[in-house]
J.: 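Mind looking over this structure? Questions follow.
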Amino acid sequence: MTISEKVAYIMGLAEGMKIDADTNEGKLTLAMLDVLKDIADELEIVDETLDDMAEIVADIEEQVEELDEELFGGNYDDYDFDEDDLYEITCRKCNNTVAVDMSMLEDGSINCPNCGEKIEFDIDFINGGCDCGNCDE
């Protein structure tokens, strides 16, 4: 039984009980039933919208899978990244891992593609400028 059907049932019970709309209790009860009906109507609209969105997302997923198959043959493992040129950094705000190349590192910062937080880094350690005390310089 849907929420709308349950609310309709309760409203039918209220009509059968012949609630007096002239009493304070009757006014309150009928007002609450009216609000329940409005909520049930809105939930129906939300459910329909959610169903529509689920269909749209499924269509998008299908299109992405088709593009993946077309561009990469469906297997990311076969895509040849030159790992020597990529570095992984982690955003301190959202913990998203981002792959960057040397030119991006030389810029000194990037914006996290996940949350937009500015990620700054110092690449002096690459040029021998590390002052951690643990490195052989």
Side-chain angles (χ1 to χ4, degrees):
M1 184 181 286
T2 67
I3 292 176
S4 293
E5 291 169 339
K6 290 177 182 179
V7 170
Y9 173 75
I10 293 171
M11 291 180 81
L13 286 176
E15 286 177 21
M17 294 172 63
K18 297 181 180 162
I19 295 176
D20 186 4
D22 294 328
T23 66
N24 289 337
E25 293 82 5
K27 289 177 186 177
L28 177 64
T29 302
L30 294 175
M32 288 190 309
L33 288 174
D34 191 43
V35 169
L36 275 176
K37 182 181 180 317
D38 290 345
I39 291 171
D41 292 344
E42 287 295 320
L43 279 175
E44 259 185 54
I45 293 170
V46 169
D47 283 345
E48 289 171 8
T49 303
L50 187 59
D51 289 343
D52 292 344
M53 295 302 290
E55 286 179 31
I56 291 170
V57 169
D59 290 344
I60 291 172
E61 285 177 344
E62 186 177 314
Q63 292 172 0
V64 167
E65 287 173 8
E66 289 172 8
L67 283 172
D68 172 45
E69 183 67 35
E70 195 173 309
L71 295 174
F72 302 107
N75 189 354
Y76 292 111
D77 295 334
D78 292 340
Y79 192 76
D80 188 24
F81 284 108
D82 187 1
E83 292 184 34
D84 293 336
D85 293 336
L86 294 176
Y87 303 90
E88 288 187 349
I89 57 174
T90 302
C91 176
R92 291 182 184 182
K93 182 175 181 183
C94 69
N95 290 322
N96 185 46
T97 301
V98 181
V100 295
D101 61 16
M102 182 54 78
S103 67
M104 295 167 82
L105 286 173
E106 289 171 348
D107 289 340
S109 68
I110 63 167
N111 290 331
C112 175
N114 188 49
C115 69
E117 180 78 9
K118 186 174 184 176
I119 304 172
E120 296 180 326
F121 27 83
D122 183 5
I123 63 167
D124 286 341
F125 70 92
I126 294 174
N127 300 323
C130 180
D131 60 357
C132 70
N134 296 325
C135 298
D136 295 328
E137 292 185 10

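When a residue number appears, it is its place in the shown sequence, counting from 1.
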J.: For I60, check side chain to side chain contact (heavy atoms under 4.5 Å, CB included) against everything at least two apart and list the hits.
T.: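 I60 satisfies side chain to side chain contact (heavy atoms under 4.5 Å, CB included) with I56, V64 only.
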J.: CZ/R92 to CD/E120 distance, rounded to the nearest 0.5 angstrom?
T.: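 Those atoms lie 10.0 Å apart.
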J.: Give me the other members of the hydrophobic cluster that M1 sits in, counting Ile, Leu, Val, Met, Phe, Trp and Tyr linked by side-chain heavy atoms under 4.5 Å, directly or via other members.
T.: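 For M1, no cluster forms, as it stays isolated from other hydrophobic side chains.
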J.: Please identify each residue that fulfils salt bridge (charged side-chain N to carboxylate O under 4.0 Å, His left out) with E62, with sequence neighbours left out.
T.: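 Testing E62 for salt bridge (charged side-chain N to carboxylate O under 4.0 Å, His left out), a comparison that skips the adjacent residues, returns none.
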J.: Got a sec, which residues hit side chain to side chain contact (heavy atoms under 4.5 Å, CB included) with L13, two or more places apart in sequence or on another chain?
T.: Y9
J.: Listed by chain and number, what are the salt bridge (charged side-chain N to carboxylate O under 4.0 Å, His left out) partners of K18, not counting sequence neighbours?
T.: none
J.: Mind checking what makes side chain to side chain contact (heavy atoms under 4.5 Å, CB included) contact with D101, not counting sequence neighbours?
T.: L86, S103, M104
J.: Using every non-hydrogen atom in the two residues, find where A21 and K27 come nearest and quote the distance to one decimal.
T.: O-CG, 3.1 Å
J.: Hey, could you give me the CD1/CG distance between I89 and N96, rounded to the nearest 0.5 Å?
T.: 9.5 Å
J.: Identify whether V7 and V35 are in the same connected component of the hydrophobic contact network (ILVMFWY, side-chain heavy atoms under 4.5 Å).
T.: yes
J.: Can you see which heavy atom on I19 is nearest to which on G26, and at what distance?
T.: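 Scanning both residues completely, I find the closest heavy atoms to be CG2-CA, 3.4 Å.
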J.: Would you indicate whether the side-chain heavy atoms of V98 and C91 approach each other to under 4.5 Å?
T.: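 Result no, sub-4.5 Å side-chain heavy-atom pair not found.
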J.: Sequence neighbours left out, what pairs pass salt bridge (Lys or Arg N to Asp or Glu O under 4.0 Å) with at least one residue falling in residues 37-58?
T.: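 Checked against salt bridge (Lys or Arg N to Asp or Glu O under 4.0 Å) - neighbours excluded - the pairs reaching residues 37-58 are K37-D41.
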J.: State which residues pass side chain to side chain contact (heavy atoms under 4.5 Å, CB included) with L33; sequence neighbours excluded, sorted by chain then number.
T.: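 By the side chain to side chain contact (heavy atoms under 4.5 Å, CB included) rule, L33 matches I10, M11, A14, T29, L30, L36.
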